[in-house]
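Have a look at the structure below before the remarks.
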Amino acid sequence: MTNVTMTVNGKSVTREVKGNTLLSDFLREDLRLTGTHVGCDTSQCGACVVHVNGEAVKSCTMFAAEADGAEVGTIEGQANADGSLNVIQQAFQDHHGLQCGFCTPGMVMSAAALLKDNPKPSEAEIRDYLEGNICRCTGYHNIVKAIMAASGQDVPAVAAE
Amino acid sequence: MYSFDIQRPTSVADAVAALGTDEAQPLGGGQTLIPTLKQRLAAPSVLVSLSAIAEMKGVCTMDDGRLSIGGGTTHATVAAEASSYPALAALAGNIGDPAVRSRGTIGGSLANNDPSACYPAAALASGATIVTNAREIPADDYFQGMFATALDEGEIITEVRFPVPEKGAYMKFEQPASRFALVGVFVAKFSDGVRVAVTGASEDGVFRWSEAEAALSSNFSADAVPAAPSGDGMISDLHGSGAYRAHLVGVMTKRAVAAAS
Ligand SMILES: Cc1cc2nc3c(=O)[nH]c(=O)nc-3n(C[C@H](O)[C@H](O)[C@H](O)COP(=O)(O)OP(=O)(O)OC[C@H]3O[C@@H](n4cnc5c(N)ncnc54)[C@H](O)[C@@H]3O)c2cc1C
Ligand code: FES
Ligand code: FES
């Protein structure tokens with residue numbers, strides 16, 4: 001067991017963890033932040049994406065001990081201070097960017113990481129960035145629309161080619 | 001996963017010391033090793049994380065013009081910072097997906113030497129030098145077949161030095177489920193000749209396609225690429241037969257030459 005201290009959504013937390021505790025399990029089981037979803041547990045689906053020092057990472061493929069000293073952001077920290085949905089979350093709602101919602105935390109966290117580096121991505125850049133986020137429901141078009149809208153751009157009539 | 005401890009040394013010397021103990025294993029970005037541990041295909045008692053070692057991170061140009069990349073540098077950093085070697089930056093920026101690139105490292109990729117990985121093709125085509133805590137290994141001696149390298153137990157890749165070619169390009173035919181290369185070809189044109197390295201195709205892992213090198217060294221154009229190699233000894237699996245992969249070697253080489261010209 002080792003002690004880890006990290007900042008999660010702005011709050012400092014210290015816990016004892018085992019070497020093989022995944023960051024996803026630490027967030028869900030130890031901190032009870034169950035908004036981070038585990039879909040595949042094999043680094044394929046992206047449902048578990050969180051931010052570590054501002055970068056998108058798959059929390060199922062990182063050990064909690066490796067986040068010692070890091071700033072971690074999860075979906076629970078995304079809403080505005082007054083509890084209302086942030087601009088990305090609101091855009092997902094407005095553009096029907098979710099159906100069952102299972103992939104949504106990872107989609108929103110990936111979208112936030114993309115928009116931080118690239119505030120006005122093209123449709124192609126959005127699709128490319130979401131390569132590691134799998135959605136079984138929406139067919140992706142409405143997710144792409146939501147991210148276009150969240151970045152203040154016109155929402156194209158995207159459709160399957 | 002079996003249980004193990006994690007250590008996070010902050011210098012190469014401390015990491016090497018920690019790796020001297022029985023059943024210790026280095027942890028790079030974990031993008032290959034963590035899935036392996038989950039499947040209980042590895043059972044280290046200690047994982048020595050390399051992620052806190054500042055001296056193993058970063059990209060810079062050396063006095064002799066070579067590009068030096070720290071062994072613990074992530075794919076995302078190489079994509080963003082290796083601008084003096086555009087083909088290499090593009091290769092790094094196309095590995096897996098953004099979250100994989102945030103964590104995965106060049107040292108981990110080269111140590112693992114997956115037969116379908118991208119970096120081995122870049123290192124071999126560039127004639128790179130793999131620098132470890134103990135020695136410098138030329139890429140031509142480093143790759144020793146699928147998942148096999150010249151590294152000794154407990155030896156870590158601290159740096160990789162890439163000669164920068166006049167022209168170069170990497171073309172990857174992506175296997176859409178894994179995001180690895182079904183076949184990938186890296187072409188590098190230096191003043192004294194052309195090097196062509198192929199990943200994803202051979203059962204012996206990454207290799208240099210010498211017929212193409214000879215032809216392209218006298219005429220660097222897509223038309224000069226020779227007929228595709230034979231499918232014998234090529235990987236054959238549910239994603240593609242050996243003959244199909246051999247065909248792709250020719251196609252990807254032409255595309256890489258066209259992109260580099
Ligand atoms: C969804 C997905 C898609 C991917 N797509 C691609 C792709 O398109 N192309 C591609 O090339 N790769 C791809 N990868 C693999 C990725 O590039 C990994 O990052 C890489 O193979 C391993 O690097 P790592 O730093 O994560 O190493 P780890 O997983 O931490 O380690 C891998 C092995 O190397 C050893 N090791 C790690 N660092 C060092 C070092 N510095 N010195 C000595 N030994 C070391 C470890 O002990 C272990 O045996 C993908 C991975 C995933 C999960
Ligand atoms: S749960 Fe982490 S990638 Fe699917
Ligand atoms: S909304 Fe159901 S998986 Fe994406």
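Quick note: numbers below take in every heavy atom, side chains included, and nothing from hydrogens, waters or symmetry partners. Source: prediction; values computed, not measured.
- Contact annotation for B:Pro35: only side-chain heavy atoms (C-beta onward) come within less than 4.5 Å of a heavy atom of chain A.
- Between atom CE of residue A:Met62 and atom OG of residue B:Ser102 there is a gap of 10.0 Å, rounded to the nearest 0.5 Å.
- Residue B:Leu33: no heavy atom, backbone or side chain, is found under 4.5 Å from chain A.
- When heavy atoms are compared at a cutoff of 4.5 Å, A:Leu114 does not approach chain B at all.
- Nearest heavy atom pair, residue A:Thr61 against residue B:Gly30, reads CG2-O, 3.5 Å.
- Heavy atoms only, all atoms of each residue included: B:Asp97 and A:Lys58 are closest at OD2-NZ, 2.7 Å.
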Inset, instruction - Check the pair B:Arg101 / A:Glu55 against side-chain contact (heavy atoms from CB on, under 4.5 Å), numbers first and verdict last. - result: CA-CA 10 Å; B:Arg101 298 195 287 271; A:Glu55 282 189 300; over 6 Å; no
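- Counting heavy atoms of neighbouring residues, nucleotides and ligands inside a 6.0 Å radius, atom CZ of B:Arg255 does not exceed 12 of them.
- Contact count versus chain B (heavy atoms, under 4.5 Å) is highest, among A:Val49, A:Asp41, A:Leu22, A:Thr2, for A:Asp41.
- Atom CD of A:Glu16 is surrounded by more than 12 heavy atoms from other residues, nucleotides or ligands within 6.0 Å.
- Closest heavy-atom contact between B:Arg179 and A:Gln44: NH2-O, 3.2 Å.
- Here the straight-line distance linking atom CE of A:Met1 with atom OG of B:Ser3 works out to 11.5 Å at 0.5 Å rounding.
- Residue-environment remark: NE2 (A:His37) exceeds the threshold of 12 foreign heavy atoms within 6.0 Å.
- How far CG of B:Asn94 is from CG of A:Asp128: 7.0 Å, rounded to the nearest 0.5 Å.
- Neither the backbone nor the side chain of B:Ala52 has a heavy atom closer than 4.5 Å to any heavy atom of chain A.
- Taking each heavy atom of B:Lys38 and A:Cys60 in turn, the nearest pair found is NZ-O, 2.7 Å.
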Inset, instruction - Under the side-chain contact (heavy atoms from CB on, under 4.5 Å) rule, what do A:Lys18 and B:Met1 come out as? Steps first, then yes or no, please. - result: CA-CA 11 Å; A:Lys18 292 189 293 188; B:Met1 276 181 277; over 6 Å; no
Inset, instruction - For A:Asn20 and B:Phe4, run side-chain contact (heavy atoms from CB on, under 4.5 Å): C-alpha distance rounded to whole Å, both residues' side-chain angles, the deciding distance at 0.1 Å, then the answer. - result: CA-CA 6 Å; A:Asn20 65 6; B:Phe4 48 79; 3.4 Å; yes
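- Counting heavy atoms of neighbouring residues, nucleotides and ligands inside a 6.0 Å radius, atom NZ of A:Lys120 exceeds 12 of them.
- Here the closest non-hydrogen pair linking B:Ile6 and A:Gly19 is CD1-O, 3.3 Å.
- Remark: A:Asn3 CG is packed, more than 12 non-hydrogen atoms of other residues, nucleotides or ligands lying under 6.0 Å away.
- The minimum heavy-atom distance between B:Arg103 and A:Glu66, with the atom names listed, is NH2-OE1, 2.6 Å.
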